[in-house]
Amino acid sequence: MNTPQSINNRLLRLYPVHYIKENFNSEQRIQSEIVNDIIARFNDQAISEFVFNHVNITKQSIYVYNTANVYRHRNNVIADELGLEITSQQLVDGVLTLGGYHSIVVEIRILDENRNYQELNLIIKQPYQVIVKGNYIVIKLTKVESNLRAYLGNTVEVLKSKKLSDDSDAINSILTYFDQNHHVRPGKADLNRGVKHLWENDIIDSREVAYRKDSSRATEIMDENSLYKEIYPEAYIETMRNPLENCTFRYLGEDENFPEHFICDATNGTLSFNIYPKNLNQINAVIDEIIRNN
């Protein structure tokens, strides 16, 4: 269940079906058959290169941190010190980009197709990317499938499952490394200024708004095709005076520079992209524009 083929199978399922079909020139039509075809025809290196060349086409959770001190180290980051597998890293014009795998381990109890009881640990390799630029550390984690049937198939009955590691373990490893070894002093980034700049300039508008008042938290959920600033311009002005929390934003442009929508908790420095982007630049474009205007 944790053979190299099985792990690659789970990796490829993190990508849009049409995308892996086109990139690996598969003639199959169903996801499971496309994935099996790719694994049969390509080696581990080819699959790993695809994963990191195309990681920005996956659904992602983004965590942004401010640093009190700028990272100036020029030697390679060592995987044993980071606590995560590293497959690529580069330092260009003072910007460090680091990529690799974080192993999510899920303890499961199952009945197999022969109704035999088994206990085992399922390993899901989660692609991550770290970008260290100026006074920011951006941690990007690919979202993994929460439904284990996607990995185990319908012939297996899952009796119980428990994650032994998750996103927080990867984040803690990364922040601890950069703080203990390079004294950058990271803290959650306040992205309110950058997000509000995009909103004020009609680049985005919100479908679900959450913001913090002095002694309470206010939320507004719009009808399906309605947008907050458009429908409630006066309330929007008041909202902009307060720290934003989890807001669902829709991109107003007619191009494909941004994904169609994303979730951002500006006060806690997190973004969530729950749909596949249409190109490799969309997620980075959102992050870059928020930070640039922050």
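Just so it is clear, the model here is predicted, and its values are computed rather than measured. Counting from 1, the numbers follow the sequence of the chain as shown.
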Participant: Listed by chain and number, what are the ring-ring contact (aromatic ring centres under 6.0 Å, His included) partners of Tyr15, not counting sequence neighbours?
Facilitator: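 Once residues adjacent in sequence are excluded, the partners of Tyr15 under the ring-ring contact (aromatic ring centres under 6.0 Å, His included) criterion are Phe50.
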Participant: Does this structure show an ion pair linking Glu145 with Arg13, if we count only N-O contacts that are shorter than 4.0 Å?
Facilitator: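 Answer for the salt bridge query: no.
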Participant: Main chain of Tyr136, side chain of Asn66: is a donor-acceptor contact present, judged purely on distance under 3.5 Å?
Facilitator: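 No, Asn66 side chain to Tyr136 backbone: no donor-acceptor pair under 3.5 Å.
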Participant: Is it possible for you to say whether Ile263 and Val195 belong to one hydrophobic cluster, with membership spreading through side-chain heavy-atom contacts below 4.5 Å?
Facilitator: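 No.
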Participant: Are any side-chain N or O atoms of Asp190 and backbone N or O atoms of Asn192, one a donor and one an acceptor, separated by less than 3.5 Å?
Facilitator: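 Yes: the side chain of Asp190 pairs with the backbone of Asn192.
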Participant: Cluster question for you: counting only ILVMFWY and a side-chain heavy-atom cut-off of under 4.5 Å, with indirect links fine, are Leu12 and Phe52 together?
Facilitator: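 Same cluster.
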Participant: To the nearest 0.5 Å, what is the distance between CD1 (Ile290) and SG (Cys264)?
Facilitator: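 The CD1 atom of Ile290 sits 4.5 Å away from the SG atom of Cys264.
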Participant: Quick one: side chain to side chain contact (heavy atoms under 4.5 Å, CB included) partners of Leu280, sequence neighbours excluded?
Facilitator: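 Scan of Leu280 (side chain to side chain contact (heavy atoms under 4.5 Å, CB included), adjacent residues dropped) gives Tyr19, His54, Asn56, Ile57.
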Participant: Please test Arg250 against Ile204 for side-chain contact (heavy atoms from CB on, under 4.5 Å), starting from the C-alpha separation and ending with a verdict.
Facilitator: CA-CA 6 Å; Arg250 179 184 294 173; Ile204 57 176; over 6 Å; no
Participant: Using modelled atom types only, decide if a donor and an acceptor are shared between the side chain of Asp169 and the backbone of Asp166 within a distance under 3.5 Å.
Facilitator: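 Yes, because the side chain of Asp169 sits within donor-acceptor range (under 3.5 Å) of the backbone of Asp166.
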Participant: With Asn8, which residues qualify under side chain to side chain contact (heavy atoms under 4.5 Å, CB included), at least two apart?
Facilitator: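 Asn8 satisfies side chain to side chain contact (heavy atoms under 4.5 Å, CB included) with Leu11, Ile39, Asp44, Ile47 once adjacent residues are dropped.
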Participant: Between Val144 and Leu14, which heavy-atom pair has the shortest distance, and what is it?
Facilitator: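 Looking at all heavy atoms of both residues, the shortest contact is CA-CD2, 3.8 Å.
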Participant: If we ignore hydrogens and angles and just use 3.5 Å, is the side chain of Ser26 paired with the main-chain N or O of Ile38 as donor and acceptor?
Facilitator: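 Here the side-chain-to-backbone pair does not exist.
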Participant: Indicate, with yes or no, if Leu271 and Ile171 share a hydrophobic cluster defined by side-chain heavy-atom contacts under 4.5 Å among Ile, Leu, Val, Met, Phe, Trp and Tyr.
Facilitator: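 Unlinked, Ile171 and Leu271 end up in two clusters.
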Participant: Before giving the answer on side-chain contact (heavy atoms from CB on, under 4.5 Å), spell out for Ile287 and Asn284 the whole-Å C-alpha distance, their side-chain angles and the decisive distance to 0.1 Å.
Facilitator: CA-CA 5 Å; Ile287 299 168; Asn284 281 343; 4.2 Å; yes
Participant: Is Lys140 reaching over with its side chain to a backbone N or O of Ile62, donor-acceptor style, under 3.5 angstrom?
Facilitator: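 Absent.
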Participant: Step by step, would you call Asn2 with Arg10 a side-chain hydrogen bond (donor to acceptor under 3.5 Å, both in side chains)?
Facilitator: CA-CA 10 Å; Asn2 290 317; Arg10 293 192 276 273; 3.0 Å; yes
Participant: Would the number of heavy atoms belonging to other residues, nucleotides or ligands and lying under 6.0 Å from CD of Glu27 be above 12?
Facilitator: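 Result for CD/Glu27: open.
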Participant: Applying ring pair (Phe, Tyr, Trp, His ring centres under 6.0 Å) as the test, list every pair that has at least one member in residues 255-293; sequence neighbours left out.
Facilitator: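 Every pair satisfying ring pair (Phe, Tyr, Trp, His ring centres under 6.0 Å) with a residue in residues 255-293: Phe249-Phe262, Tyr251-Phe258, Phe262-Phe273.
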Participant: Measuring from atom CD of Gln60 to atom CD1 of Ile283, what distance do you get when rounded to the nearest 0.5 angstrom?
Facilitator: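 Answer rounded to 0.5 Å: 4.0 Å.
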Participant: What are the two closest non-hydrogen atoms of Arg292 and Glu289, and how far apart are they?
Facilitator: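 It is NH2-OE1, 2.9 Å.
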Participant: Quick check on the hydrophobic clustering: are Ile86 and Ile137 connected, directly or via other members, by side-chain heavy-atom contacts under 4.5 Å?
Facilitator: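 Yes, it is one cluster - the side chains of Ile86 and Ile137 are joined through contacts under 4.5 Å.
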Participant: Please state whether the rings of His182 and His73 are parallel, tilted or perpendicular, taking 30° and 60° as the class boundaries.
Facilitator: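 It falls in the tilted class, 30° to 60°.
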Participant: Assigning hydrophobic clusters by single linkage (Ile, Leu, Val, Met, Phe, Trp, Tyr; side-chain heavy-atom cutoff under 4.5 Å), is Met240 placed with Ile231?
Facilitator: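 Yes; tracing contacts between hydrophobic side chains, which count when under 4.5 Å, links both residues.
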Participant: How about Asn268 and Thr270: does a side-chain donor come under 3.5 Å of a side-chain acceptor?
Facilitator: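 Judged by distance alone, the side chains do not pair up.
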Participant: Pairs under 3.5 angstrom only: tabulate donor-acceptor contacts from the side chains of residues 87-102 to other protein residues two or more places apart or in another chain.
Facilitator:
from	atom 1	to	atom 2	distance (Å)
Gln89	OE1	Val77	N	2.8
Gln89	NE2	Val77	O	3.0
His102	ND1	Gln126	OE1	2.9

Participant: Determine yes or no for a side-chain-to-main-chain donor-acceptor pair under 3.5 angstrom, with Arg41 supplying the side chain and Phe24 the backbone.
Facilitator: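 Judged by distance alone, yes, a pair lies under 3.5 Å.
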Participant: Is Asn201 atom CG crowded by more than 12 heavy atoms from other residues, nucleotides or ligands, each under 6.0 Å away?
Facilitator: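 Yes, because the 6.0 Å sphere around CG of Asn201 holds more than 12 heavy atoms from other groups.
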Participant: Does a side-chain heavy-atom distance below 4.5 Å link Lys21 with Gln28?
Facilitator: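 Heavy-atom side-chain distance check fails, nothing below 4.5 Å.
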Participant: Is the backbone N or O of Gln5 less than 3.5 Å from a side-chain atom of Asn9, with the two atoms forming a donor-acceptor pair by type?
Facilitator: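 Such a contact is absent between Asn9 side chain and Gln5 backbone.
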Participant: So, for Gly83 and Ser173, which heavy atoms are closest and what is the spacing to 0.1 Å?
Facilitator: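 So the minimum-distance heavy-atom pair works out to O-OG, 4.4 Å.
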Participant: Taking side chain as C-beta onward, heavy atoms only, is Val138 less than 4.5 Å from Tyr63?
Facilitator: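 SC-SC contact between Val138 and Tyr63 ruled out.
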Participant: Does the Asn279 side chain pair with the main chain of Asn281, one donor and one acceptor, at a distance under 3.5 Å?
Facilitator: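 Yes; at least one donor-acceptor contact below 3.5 Å.
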Participant: Step through the shown structure and confirm whether more than 12 heavy atoms of other residues, nucleotides or ligands are within 6.0 Å of NZ on Lys143.
Facilitator: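 Above 12, so yes.
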Participant: Rounded to the nearest 0.5 Å, what separation is found between the CG atom of Leu159 and the CZ atom of Arg109?
Facilitator: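 The CG atom of Leu159 sits 8.5 Å away from the CZ atom of Arg109.
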Participant: With distance as the sole test, does Asp223 use its side chain to make a donor-acceptor pair with the main-chain N or O of Ser226 at under 3.5 Å?
Facilitator: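 Not a single qualifying donor-acceptor pair exists.
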Participant: Do Glu33 and Asp37 touch side chain to side chain, with heavy atoms closer than 4.5 Å?
Facilitator: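 Glu33 vs Asp37: side chains apart.
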Participant: When you measure from the side chain of Thr58 to the backbone of Val55, do you find a donor-acceptor pair of N or O atoms at a distance under 3.5 Å?
Facilitator: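 Yes: the side chain of Thr58 pairs with the backbone of Val55.
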Participant: Provide the full list of side chain to side chain donor-acceptor pair (under 3.5 Å) pairs with a residue in residues 229-242, sequence neighbours left out, each pair given once.
Facilitator: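 Listed once each, the pairs are Glu200-Tyr236, Asp202-Lys229, Tyr228-Thr239, Glu238-Arg241.
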Participant: Supply the atom-to-atom distance Ser61 OG to Asn274 CG, rounded to the nearest 0.5 angstrom.
Facilitator: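 That separation rounds to 7.5 Å.
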